[in-house]
Amino acid sequence: MKHFTSIAELHKYNGFPPPEHPLISLFQCNKTCNIGDREFTSDFYMIGSKKLKSGVVLYGRTKYDHDNGSMSFYKPRQVVEFRNLEFEEDGFLIFIHEDFLNGHVLHNEIKKYGFFDYEANEALHLSPREEEIVWDLFHKIQTEYNSNPDEYSRDIMLTHIDSMLKYSQRFYNRQFINRTQLSGKTVSKFNNSLATYFSNGGLAKGLPTVNYMAEQLNLSSRYLSDLLKKETGKTGLELIHIYLISEAKNLLTVADQSVSEIAYALGFENLPYFSRLFKKEVGISPNQFKKQFYN
């Protein structure tokens, strides 16, 4: 698999003009936007915007209208592939070497944007108004990129990139709401999948993980947690814990088992961890809960 350590190397490999800056580049796609002929990795962040000419976009196995533009986000050393893409209109690509962020607040802030961990089928689909906002920011970055560099250039470009990421987060929040209206409450599917895991003896393999639950729902784990957070205010891991504690409360009131036996039956290998989690959710320890019920 090809790995690009520099933006100049990627440009040369794909026949692009040499970049104006060694650590950041912008490339506007003229209805096609192919990078190489195979999967690759790199040392930079990539932000892409495109408007597909044909085909169906599958988004968590839900069909979305491809007439609207979409955006994708990739982080360093993530596997990427662009091949045989045809667009209705021009798109763009922004390459930001991770070294370009050193010493800037965005160095840490960019890692907080969960969409850099989403899968390709979880792209951001833009409304026409949202497209205008994104393209306006791109042109502002482009103007600064093509100007004579000075001590303000880097900060101005990163400020516009930061705005683009913030808007993207806002637009994803809107999309989460729309997706819920199209495909139903994700939390219901999540809980149903948890129930199936329990009823099919999954606990013999240990506690279910967010990664496992995401696979069952055909989503990336980061996207699932962000979507659940939007719907319920809680992450995937928190919902797993709530489900487990609910099961524990039921067993503590009906089963003739010790607290440790119930903990192990629920997949907890560490009894103190189970007790801490139970107390955090219920307010009292499992032993106190059991005694309180029988008294």
Side-chain angles (χ1 to χ4, degrees), residues 3-14 16-29 33 35 40-50 69-80 82 91-120 122-124 126 130-175 220-223 225-226 229 235:
H3 178 78
F4 297 105
T5 58
S6 72
I7 293 176
E9 181 187 8
L10 180 141
H11 275 240
K12 183 177 180 181
Y13 184 85
N14 291 285
F16 297 169
E20 295 291 330
H21 191 288
L23 298 180
I24 183 171
S25 75
L26 285 74
F27 186 77
Q28 191 160 339
C29 313
C33 218
I35 302 179
F40 69 91
T41 56
S42 73
D43 288 343
F44 26 91
Y45 291 91
M46 289 181 283
I47 302 171
S49 176
K50 54 193 179 294
S70 67
M71 295 184 71
S72 298
F73 306 85
Y74 306 90
K75 62 183 180 181
R77 290 164 292 282
Q78 185 174 359
V79 178
V80 182
F82 298 97
F92 67 74
L93 292 168
I94 302 175
F95 305 99
I96 310 157
H97 198 286
E98 53 190 351
D99 289 349
F100 191 62
L101 305 178
N102 288 342
H104 192 276
V105 65
L106 197 54
H107 178 270
N108 292 324
E109 289 298 313
I110 199 169
K111 297 171 185 175
K112 298 178 182 178
Y113 291 108
F115 44 74
F116 279 101
D117 289 311
Y118 294 170
E119 299 294 339
E122 295 161 351
L124 172 60
L126 303 172
E130 291 168 351
E131 277 188 77
E132 290 179 14
I133 292 171
V134 168
W135 272 101
D136 178 62
L137 286 167
F138 174 79
H139 290 311
K140 287 178 178 177
I141 300 167
Q142 189 178 50
T143 298
E144 191 63 34
Y145 179 79
N146 292 325
S147 300
N148 291 327
D150 57 29
E151 66 268 30
Y152 301 104
S153 301
R154 173 174 172 267
D155 191 52
I156 290 173
M157 284 190 284
L158 288 178
T159 296
H160 291 317
I161 290 169
D162 184 43
S163 294
M164 185 179 287
L165 296 176
K166 283 185 170 68
Y167 271 111
S168 297
Q169 186 67 73
R170 170 187 281 181
F171 300 156
Y172 257 118
N173 287 341
R174 181 270 309 158
Q175 183 164 292
S220 66
S221 58
R222 189 64 183 265
Y223 183 84
S225 278
D226 287 351
K229 187 81 172 178
T235 65

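All heavy atoms count here, side chains included; hydrogens, waters and symmetry mates do not.
- Checked against salt bridge (Lys or Arg N to Asp or Glu O under 4.0 Å), Arg77 has the following partners two or more places apart in sequence or in another chain: Asp43, Glu98.
- Relative orientation of the Phe100 and His21 rings is perpendicular, given thresholds of 30° and 60° on the angle between their planes.
- Legend: residues meeting salt bridge (Lys or Arg N to Asp or Glu O under 4.0 Å) with Asp162, ordered by chain and number and at least two apart, are Lys166.
- Annotation: side chain to side chain contact (heavy atoms under 4.5 Å, CB included) contacts of Ser6 (sequence neighbours excluded): Ala8, Glu9.
- For the ring-ring contact (aromatic ring centres under 6.0 Å, His included) test, residues two or more places apart in sequence or in another chain that qualify with His139 are Trp135.
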What do the steps show when you test Tyr145 against Ile24 for side chain to side chain contact (heavy atoms under 4.5 Å, CB included), and what is the final call?
-> CA-CA 9 Å; Tyr145 179 79; Ile24 183 171; 4.1 Å; yes

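- Under the side chain to side chain donor-acceptor pair (under 3.5 Å) criterion, Lys12 pairs with no residue, sequence neighbours left out.
- Scanning for side chain to side chain donor-acceptor pair (under 3.5 Å) contacts around Arg154 gives an empty result, with sequence neighbours left out.
- Partners of Lys111 by salt bridge (Lys or Arg N to Asp or Glu O under 4.0 Å), not counting sequence neighbours: none found.
- Shown here are the salt bridge (Lys or Arg N to Asp or Glu O under 4.0 Å) partners of Glu130, two or more places apart in sequence or in another chain: Arg174.
- Under the ring-ring contact (aromatic ring centres under 6.0 Å, His included) criterion, His160 pairs with no residue at all, not counting sequence neighbours.
- Lys229 meets the side chain to side chain donor-acceptor pair (under 3.5 Å) test with no other residue; sequence neighbours excluded.
- Residues passing the ring-ring contact (aromatic ring centres under 6.0 Å, His included) test with Phe116 are Tyr45, Phe73, sequence neighbours excluded.
- For the side chain to side chain contact (heavy atoms under 4.5 Å, CB included) criterion with Ile94, the lone passing option out of Met164, Gln142, Met46 is Met164.
- Legend: residues meeting side chain to side chain donor-acceptor pair (under 3.5 Å) with Glu109, ordered by chain and number and at least two apart, are Lys112.
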